[in-house]
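Structure record follows, encoded as structure tokens.
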Amino acid sequence: MAAGFKTAEPQEYHRSFLKEKCRPDGRELGEFRPTTLNVGSINTANGSALVKIGNTTVICGIKAELAVPTADAPDKGYIVPNVDLPPLCSSRFRPGPPGEQAQVASQFIADIIDDTNIIKKEDLCIEKSKLCWVLYCDIMCLDYDGNLLDACIITLLAALKNAQLPKVTINKETDLPEVDTQHKRHLQINKHPVASSFAVFDDEVIIVDPTTEEESLATALITAVTDEDDQLCAFHKPGGSSLLAEKLQDCVSRAVTRNREINKLIDKVTESKKSSK
Amino acid sequence: MELDINSPVLREFGSEQSLLSKPDGSATFMQGDTSVMVGVYGPAEVKVNKEIYDRATLEVLIQPKSGMPSVRERTREQCVRETCEAALLSTLHPRSSLTLVLQVVHDDGSLLACCLNAACMVLMDAGLPMSRLFCGVTCAIDAEGQIITDPTAQQEKESRALLTFAIDSKEHNVMMSSTKGSFSMKEMQQCIAVSQKASERIFQFYRDSVKRRYSKIL
């Protein structure tokens, strides 16, 4: 009976739960799904991390390559993020060139990297106008069940923390780079941004960490990104129903506490990874 | 210069409607030197794979001044589309398509805001049923923490953070928000307040320009 109700009247089905201040999967309105993290999952990459928020699974691999810096920024390396939503992760994605959602997510991540200076681009430079690192951050969704952006940012941050670069020197005589794989160093992470997503139901009820179903029924979606100093790095609301400024404030406060939780989680996992070696 | 929240500085704006013959509605919107031209086609037949059974399918295309649309245009398209979707009563035209084509004529800052204003103008020109109007306002926060409304490209480049909001005409609430750079919660609240004030001027402009147009016809 309940299954029939859900299929026939999904909006009404969700409404009946929200009236009781809970959600179909048993969560409260302000509760995130259990978040699990694994770092160093890919041996062949310089850094990697896998994150699960409920069923949503996202993996990030970081590949470092040597390149010549661009002429307009000779003392900077560069970071190239890419979000891939393969047909495997959900039936809504088709094979072929990346769709709008994947492109928007890639751009969003690229903006966050640039705006917050997660990594100083100068740190990636090895020798001015000769050699620098390029970090390819490939983020792939394995299972799509809503809240993609939160998962992408967590996995990116954890993978960057996990990444190790070998020492590179330029041989003065031959002018060729020499890679010393014995000496590896971690990247210097300046900021720790964490995203929190919200969905708005019937123009007023705000729930956190929406699933795919909730996303498709919601009248608006919001993503707030904060760093550890409680500064906002992005407040993205692509459209949908209009909200009072006070409601937006609530979202930001929730995002700030979420930032603490996630950074604690990343530190714990990184620490346990180190001690298990 | 101390910012006065009650009278935010906006560049001169201007608009022209129904200037193209083929589209069902057309408009240009200019804010200072930033200028966007829009045409809307629809409600028209929709491709079967894009058909939605209970409302119209809205497509937004943004053409940059030169070159092909890039990933950045995709983000803008999404913002404009979802804002229009919220304002349009698209359930009145089920199984049909609405296509909004925005051509950037010149970009001198506050481009997304100008796109939103042009989009709202064109929807009015096409006579599509809407539950509310909306307008876009861009605020830049400079290095000293001062808020500049409707910044030029130069001011955008020098700013620490850039926030664009879409404000609705009914309750003057935030429909869309897109930001760049980092800022505090307080600064965001100030920017929203300034944008809400600025939106009143833009809505008044909408009203005046529509009034002027229809007073000639009647």
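So you know, we letter chains A, B, ... as the sequences are listed, proteins then strands, and number each from 1.
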Notebook entry, point to check: Atom CG of B:Leu163 and atom OG1 of B:Thr149: how far apart are they, to the nearest 0.5 Å?
Noted result: 12.5 Å

Item checked: Beyond-backbone contact of A:Leu156 with A:Ile139, side-chain heavy atoms, under 4.5 angstrom -> yes

Notebook entry, point to check: With only heavy atoms counted, which part of A:Thr116 is less than 4.5 Å from chain B, the side chain, the backbone, both or neither?
Noted result: neither

Margin query: Hydrogens and angles aside, do A:Gln103 and A:Gln107 bring a side-chain donor and acceptor to less than 3.5 Å of each other?
Written below: no

Margin query: Please output the residues of residues 64-101 of chain B in contact with chain A, using a heavy-atom cutoff of under 4.5 Å, in numerical order.
Written below: B:Val71, B:Arg72, B:Arg74, B:Thr75, B:Gln78, B:Cys79, B:Arg81, B:Glu82, B:Thr83, B:Ala86

Checklist line | A:Ala234 portion near chain B, given a 4.5 angstrom heavy-atom threshold | finding: both

Next item on the list: Under 4.5 Å, counting heavy-atom pairs only, tell me which of B:Ser177, B:Ser178, B:Gly181 racks up the most with chain A.
Entry: B:Ser177

Note to self: Is it the case that atom CD in A:Gln11 sees more than 12 heavy atoms from other parts of the structure closer than 6.0 Å?
What the structure shows: yes

Notebook entry, point to check: Counting only heavy atoms not in B:Arg207, do more than 12 sit closer than 6.0 Å to its CZ atom?
Noted result: no

Note to self: Does this structure show an ion pair linking B:Lys47 with B:Glu59, if we count only N-O contacts that are shorter than 4.0 Å?
What the structure shows: no

Next item on the list: Sort out for me which residue in A:Val80, A:Ile113, A:Leu160 forms a side-chain contact (heavy atoms from CB on, under 4.5 Å) with A:Leu135.
Entry: A:Leu160

Item checked: Rounded distance [0.5 Å steps], CG in A:Asp227 versus NZ in A:Lys191 -> 5.0 Å

Notebook entry, point to check: Considering all heavy atoms of both residues, which atom of B:Gln196 and which atom of B:His172 are nearest to each other, and what is their separation?
Noted result: NE2-O, 2.7 Å

Item checked: Any A:Cys152 side-chain heavy atom under 4.5 Å of A:Val83 side chain -> yes

Checklist line | Residues in residues 243-266 of chain A near chain B [non-hydrogen atoms, under 4.5 Å] | finding: A:Leu243, A:Leu244, A:Ala245, A:Leu248, A:Gln249, A:Val252

Next item on the list: Tell me, with the steps shown, if B:Arg132 and A:Ser242 meet side-chain hydrogen bond (donor to acceptor under 3.5 Å, both in side chains).
Entry: CA-CA 11 Å; B:Arg132 63 192 70 187; A:Ser242 60; 3.2 Å; yes

